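Inspection log for the structure reproduced underneath, given as structure tokens.
These numbers were taken from a predicted model, which means no experiment stands behind them.
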There are 2 protein chains.
Amino acid sequence: MGARNSGLRSHCPVNYALEIVGDRWALLIVRDIVFRGKRTYGEFLSSEEGFATNILASRLTALVEAEILRHDADAADGRKGVYVLTEKGLDLIPLLFEMVLWSAKYDSRSEARRIPRLVDLIRKDNRKISRKSMEKVVRGDAIVPEYLS
Amino acid sequence: MGARNSGLRSHCPVNYALEIVGDRWALLIVRDIVFRGKRTYGEFLSSEEGFATNILASRLTALVEAEILRHDADAADGRKGVYVLTEKGLDLIPLLFEMVLWSAKYDSRSEARRIPRLVDLIRKDNRKISRKSMEKVVRGDAIVPEYLS
DNA sequence: ACAAATTACTTGCAAATAGCAAGTAACAAA
DNA sequence: TTTGTTACTTGCTATTTGCAAGTAATTTGT
């Protein structure tokens, strides 16, 4: 697969993941795409955690360099660019789902409680619901709304 | 469960996990305990990624405050303290395992290739092998050696 | 056609964090 | 009772974070 694999502290698999997505922001961008169907710089900026503009920009380019995102032009509007998950990015979905499970258990105010059916599906078979979710995301859909009922 | 749940940017489950373990070091400590059976400050210090002493100390106290670790005294040696995973910490194992899967796929030099049987077991049923691993870790054993054959 | 918005950034600077090197305090071993 | 070991802390510098402001390339409204 792809590009430069060096400058790493080690090739321990846990460390590899940490070096690429181990900070407070990177996976929030992936979450915004997966759970909420966001795709543009402006949409990410509006997230409730409050990205600073420079940090959002630097994380987006880092994720593109890491081949987790692709940056396409918007055909209809020359100002906008669209950030899309690559396969490597989509493959982070099972990881996000495990984070949801863990937080649902330990954060007493977790918003995971608003999507109990999804949480249950993850618990029963993360792999299966992840595959289904990847298909939705590829179509550009958000996965949360379906489970908010 | 437990303590203070505020000062968070949000109660999004992805964000909650990121605020607690979303940096380059915290999960390396958990990894050292789970995969390699480490438990003391000195053992963590010897990790190949190279903790700075102050950073290791600050992360250890943060993990204790987050109730992921417990810090017990060593009965046999008054200088040493032993860091042990709580239930909340043990419940990070499925997350670590998903990281292993992802890195195994995308890091061409991943050391995950040295434990293909474990990687396969995670792929087939993360929940099941996680439960089994938690039991081993509770006994104080490392989980990797068994799969190095 | 032209002025006003909108979008996606960049730049400058202060504050916080990371990380190296050098201590130090409490115990244990010889 | 000196010497070594363990688990830290402290001081200092370098990097990163994050706010506020600016800007360039469109697009929209009139």
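- The minimum heavy-atom distance linking A:His11 with A:Leu8 is given by the pair CE1-CD1, 3.4 Å.
- Here D:dT17 presents its P atom at 14 Å from CG of B:Leu18, a figure rounded to the nearest Å.
- Both A:Gly78 and A:Gly50 lie near DNA chain D, and the one whose nearest nucleotide falls closer to the 5' end is A:Gly50.
- Annotation for A:Cys12 and B:Glu49: closest pair CB-OE2, 4.0 Å, computed over non-hydrogen atoms.
- The shortest side-chain heavy-atom distance between B:Arg9 and A:Leu28 falls under the 4.5 Å cut-off.
- Distance CG (A:Leu56) to P (D:dT17): 13 Å, rounded to an integer number of Å.
- Sorted by residue number, the list of members of residues 23-34 of chain A with any non-hydrogen atom under 4.0 Å from DNA chain C is empty.
- The nearest pair of heavy atoms linking A:Met134 to A:Leu90 is CE-O, 3.6 Å.
- Here D:dT15 presents its P atom at 14 Å from CD1 of B:Ile55, a figure rounded to the nearest Å.
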Each nucleotide of nucleotides 1-10 of chain D classed B (base within 4.0 Å of a protein heavy atom), S (only sugar-phosphate) or -, in 5' to 3' order, makes ---BBSSBBB

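- Applying side chain to side chain contact (heavy atoms under 4.5 Å, CB included) to B:Lys38 and the options B:Ile29, B:Asp32, B:Leu45 leaves one that passes, B:Asp32.
- Counting to the nearest Å, the P atom of C:dA26 and the CG atom of B:Asp74 are 18 Å from each other.
- Of the candidates B:Ile33, B:Thr61, B:Val82, B:Leu69 forms a side chain to side chain contact (heavy atoms under 4.5 Å, CB included) with just one, namely B:Ile33.
- With respect to B:Arg79 and B:Asp77, a salt bridge is recorded, a charged nitrogen being found less than 4.0 Å from a carboxylate O.
- For B:Phe51, the ring-ring contact (aromatic ring centres under 6.0 Å, His included) test picks out B:Trp25, with sequence neighbours left out.
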